[in-house]
**Student:** 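Provided herewith is a single structure, encoded as structure tokens, for subsequent inquiry.
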Protein chains: 2
Amino acid sequence: MKTKEHKIPEATIKRLSTYVNYLGRLGTDSNPVISSEILGESCQVSPAQIRKDLSYFGEFGVRGVGYDTKKLEAEIKDILGINHNWPTTVVGVGKLGQALLNFDFFRNHGFRIITAFDSDPNKIGTEAANGVTIQSISNIEKCVREEKISIGIITTPVAAAQDVTDKLVDGGIKGILNFAPIKVKVPETVTLRNVSITSELDNLAYLLTQKKR
Amino acid sequence: MKTKEHKIPEATIKRLSTYVNYLGRLGTDSNPVISSEILGESCQVSPAQIRKDLSYFGEFGVRGVGYDTKKLEAEIKDILGINHNWPTTVVGVGKLGQALLNFDFFRNHGFRIITAFDSDPNKIGTEAANGVTIQSISNIEKCVREEKISIGIITTPVAAAQDVTDKLVDGGIKGILNFAPIKVKVPETVTLRNVSITSELDNLAYLLTQKKR
DNA sequence: TGGTGTGAACAACTTCACAGCG
DNA sequence: CGCTGTGAAGTTGTTCACACCA
């Protein structure tokens with residue numbers, strides 16, 4: 001993979017994720033080769049956009065033919081870095097946390113959930129899912145450091161979000177995916193992404209309101 | 001509210017959601033007025049961006065002073081259309097569906113969850129949360145039509161997603177928020193938003209990989 | 001004086017159109 | 001011939017800088 005010097009649009013990364021997701025679901029035997037047109041139809045992206053997205057990272061296709069399905073999937077996984085095994089933790093074992101802990105996706109996409117944390121004494125010590133035992137929030141820093149956990153997923157209530165963020169950071173976490181509907185603060189060295197379910201709903205409400213007017 | 005003719009960037013809507021979220025959490029008594037600079041700090045958005053975002057919809061501030069906190073919150077809610085009571089349903093009562101059913105956010109933001117659907121006979125007829133009873137997937141079309149449900153939230157596995165989408169559409173649904181990691185298809189008349197948790201994780205993996213290289 | 005509102009400059013992203021090559 | 005790869009054109013979104021006004 002030859003990464004070119006250009007800055008890559010964030011939207012491109014998002015789409016690469018869509019592509020690899022679709023390619024993975026495709027029966028590779030029946031579809032050994034795929035064109036940007038066909039892939040674009042499934043992913044609802046224009047063929048030109050797909051080719052441009054891929055061109056940031058190299059030349060993966062064959063002119064006049066298309067892309068080798070299996071090879072393309074592997075290339076994109078390599079680009080995204082989801083062929084590693086990122087040691088991951090989930091902080092906050094409410095319903096959303098449990099949903100993530102049971103989410104098949106992780107196993108297939110290079111994330112290995114090592115541990116989970118919660119503040120509820122009734123949950124601590126019990127098994128959350130797949131052999132993952134719930135530990136006390138107060139162990140976060142120590143555990144993140146010792147187990148060399150790279151990624152922390154925050155699914156706590158708003159009130160606890162900044163506190164557990166700080167603990168993860170103190171333990172030396174590399175990246176955080178935050179589901180709590182508040183923008184937590186992290187030092188420059190830590191990569192942060194906020195997922196805002198609320199803003200998705202607000203956006204939907206806006207679009208529906210527009211249609212009415 | 002005077003909506004101007006300009007097309008509004010989607011990113012603007014996303015930010016408005018952030019602003020209103022923050023304003024709602026603010027003690028309005030202690031902060032009757034807020035400037036774009038202060039608001040921007042909390043929301044991690046530039047002051048100019050905030051003023052531009054708001055300017056698409058009208059003039060809400062006072063020069064030399066700032067914005068009336070409470071009034072601004074109300075204005076943005078009006079813009080987004082989250083001061084209505086959108087009749088909403090959740091399809092798929094797994095862990096994620098349960099998380100949403102118990103999510104306080106809905107009550108405060110103009111979404112009223114009326115019903116929930118699942119295919120599991122053991123769940124049908126039981127109470128999911130807050131007086132919401134789980135019904136069979138086969139009732140979707142009839143129920144959506146009779147209860148005039150506007151918004152459907154899909155939290156089923158991938159395999160069921162398109163099928164329940166079609167049922168919602170047949171019932172006359174207005175908008176869909178899809179959490180299943182597949183791009184479902186809807187007619188032009190239905191507003192669709194896909195939330196991709198997987199792509200958020202992929203994006204985080206990408207950013208971490210970049211940092212390493 | 002101080003913070004808003006906004007046209008104009010700038011930057012980022014997408015689409016187009018076609019050259020290039022199997 | 002057909003589909004990729006890619007500069008160039010077009011479009012969309014953000015930042016700047018300052019007029020404006022309580």
Side-chain angles (χ1 to χ4, degrees), chain A residues 1-19 23 31-73 75-76 79 199 203 206-207 210, chain B residues 1-19 23 31-73 75-76 79 199 203 206:
Chain A
M1 189 185 78
K2 59 172 170 179
T3 306
K4 296 183 180 176
E5 295 314 316
H6 280 267
K7 211 194 123 273
I8 316 295
E10 179 170 324
T12 290
I13 304 304
K14 198 165 181 178
R15 283 188 299 267
L16 287 179
S17 175
T18 309
Y19 306 156
L23 292 169
N31 303 289
V33 169
I34 192 166
S35 69
S36 59
E37 175 144 7
I38 299 297
L39 181 57
E41 236 165 72
S42 312
C43 301
Q44 291 166 53
V45 172
S46 77
Q49 182 72 77
I50 291 182
R51 297 201 299 276
K52 177 65 86 180
D53 286 341
L54 294 173
S55 80
Y56 288 127
F57 299 96
E59 307 189 5
F60 306 118
V62 180
R63 289 164 198 240
V65 180
Y67 301 91
D68 180 313
T69 308
K70 217 178 175 73
K71 219 174 98 190
L72 184 59
E73 186 190 354
E75 290 282 10
I76 299 179
I79 292 168
S199 87
N203 207 316
Y206 172 76
L207 293 171
Q210 284 312 98
Chain B
M1 188 184 80
K2 57 171 174 180
T3 307
K4 297 184 180 175
E5 295 314 314
H6 279 266
K7 213 195 122 272
I8 316 296
E10 178 170 324
T12 290
I13 303 303
K14 198 165 179 177
R15 284 189 297 267
L16 287 179
S17 174
T18 309
Y19 306 156
L23 291 169
N31 303 289
V33 170
I34 193 166
S35 67
S36 58
E37 175 143 7
I38 300 297
L39 181 58
E41 235 165 71
S42 311
C43 301
Q44 292 166 52
V45 172
S46 77
Q49 182 73 78
I50 291 182
R51 298 201 299 276
K52 177 65 89 181
D53 285 341
L54 295 174
S55 80
Y56 289 127
F57 299 96
E59 307 188 4
F60 306 119
V62 180
R63 288 165 197 238
V65 179
Y67 302 90
D68 180 314
T69 308
K70 215 177 178 72
K71 218 174 97 191
L72 184 60
E73 186 191 352
E75 290 281 10
I76 299 179
I79 293 166
S199 87
N203 206 315
Y206 171 75

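In what follows, every chain begins at residue 1, and chains take the letters A, B, ... in the order their sequences are listed.
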**Student:** DNA chain C: Asp53(A) or Val62(A), which has the more 5' nearest nucleotide?
**Tutor:**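 The 5'-side residue here is Asp53(A).
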
**Student:** On the nucleotide dT4(D), are OP1 or OP2 found under 4.0 Å from the side-chain N or O atoms that Ser36(A) carries?
**Tutor:** yes

**Student:** Looking only at side-chain N and O atoms, does Ser46(A) come under 4.0 Å of OP1 or OP2 in dT15(C)?
**Tutor:**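 Answer is yes, contact under 4.0 Å.
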
**Student:** Counting side-chain heavy atoms from C-beta on, which of dG5(C), dA8(C), dG13(D) comes nearest to Glu59(B)?
**Tutor:** dG5(C)

**Student:** If we ignore hydrogens and angles and just use 3.5 Å, is the side chain of Thr18(A) paired with the main-chain N or O of Lys14(A) as donor and acceptor?
**Tutor:** yes

**Student:** Please check the phosphate of dG5(D) (OP1 and OP2 only) for any side-chain N or O of Tyr67(A) closer than 4.0 Å.
**Tutor:**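 So the side chain of Tyr67(A) is within the cut-off, an N or O lying under 4.0 Å from OP1 or OP2 of dG5(D).
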
**Student:** What is the distance from CD of Gln49(A) to C1' of dC3(D), rounded to the nearest Å?
**Tutor:** 17 Å

**Student:** Decide side chain to side chain donor-acceptor pair (under 3.5 Å) for Asp53(A) and Thr12(A); before the verdict, give the C-alpha distance in whole Å, the side-chain angles of both, and the deciding distance to 0.1 Å.
**Tutor:** CA-CA 6 Å; Asp53(A) 286 341; Thr12(A) 290; 2.9 Å; yes

**Student:** Taking Asn31(B) for the side chain and Val33(B) for the main chain, is one N or O donor matched with an acceptor at less than 3.5 Å?
**Tutor:**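 Side chain of Asn31(B) to backbone of Val33(B): no pair is present.
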
**Student:** Both Lys52(B) and Pro9(A) contact DNA chain C. Which one's nearest nucleotide lies toward the 5' end?
**Tutor:** Lys52(B)

**Student:** Identify which nucleotide among dC13(C), dT14(D), dT6(C) has an atom closest to any side-chain atom of Ser55(B), counting heavy atoms from C-beta outward.
**Tutor:** dT6(C)

**Student:** Would you say a side-chain N or O of Arg15(A) is under 4.0 Å from OP1 or OP2 of dT14(C)?
**Tutor:**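 So the side chain of Arg15(A) is within the cut-off, an N or O lying under 4.0 Å from OP1 or OP2 of dT14(C).
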
**Student:** Find the distance Leu54(A):CG to dT14(C):C1' and express it as a whole number of Å.
**Tutor:** 15 Å

**Student:** Among Arg51(A), Gln49(A), Lys52(A), find the one that has a side-chain hydrogen bond (donor to acceptor under 3.5 Å, both in side chains) with Ser36(A).
**Tutor:** Arg51(A)

**Student:** Please report, rounded to the nearest Å, how far the C1' atom of dC21(D) is from the CZ atom of Phe60(B).
**Tutor:**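 Nearest whole value for this atom pair: 18 Å.
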
**Student:** Find the distance Glu10(B):CD to dA12(C):C1' and express it as a whole number of Å.
**Tutor:**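 These atoms are roughly 16 Å apart.
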
**Student:** Under 3.5 Å, is there a donor-acceptor pair between the side chain of Ser35(A) and the main chain of Gly66(A)?
**Tutor:**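 The answer is no, because no donor-acceptor pair under 3.5 Å joins these two groups.
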
**Student:** So which one's nearest nucleotide on DNA chain D is more toward 5', Val65(A) or Ala48(A)?
**Tutor:** Val65(A)

**Student:** Calculate the interatomic distance between Ile38(B) atom CD1 and dT4(C) atom P; express it in whole Å.
**Tutor:** 10 Å

**Student:** What integer distance in Å separates Arg63(A):CZ from dG2(D):P?
**Tutor:**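 Distance, rounded to whole Å: 17 Å.
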
**Student:** Could you give the CG-to-P distance, from Leu72(A) to dG5(D), as a whole number of Å?
**Tutor:** 10 Å

**Student:** For the pair made of NZ in Lys7(A) and P in dC10(C), what is the distance, rounded to whole Å?
**Tutor:**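 Nearest whole value for this atom pair: 19 Å.
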
**Student:** Got a donor-acceptor pair under 3.5 Å from the side chain of Arg51(B) to the base of dG5(C)?
**Tutor:**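 It does, because a donor-acceptor pair links the side chain of Arg51(B) to the base of dG5(C) below 3.5 Å.
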
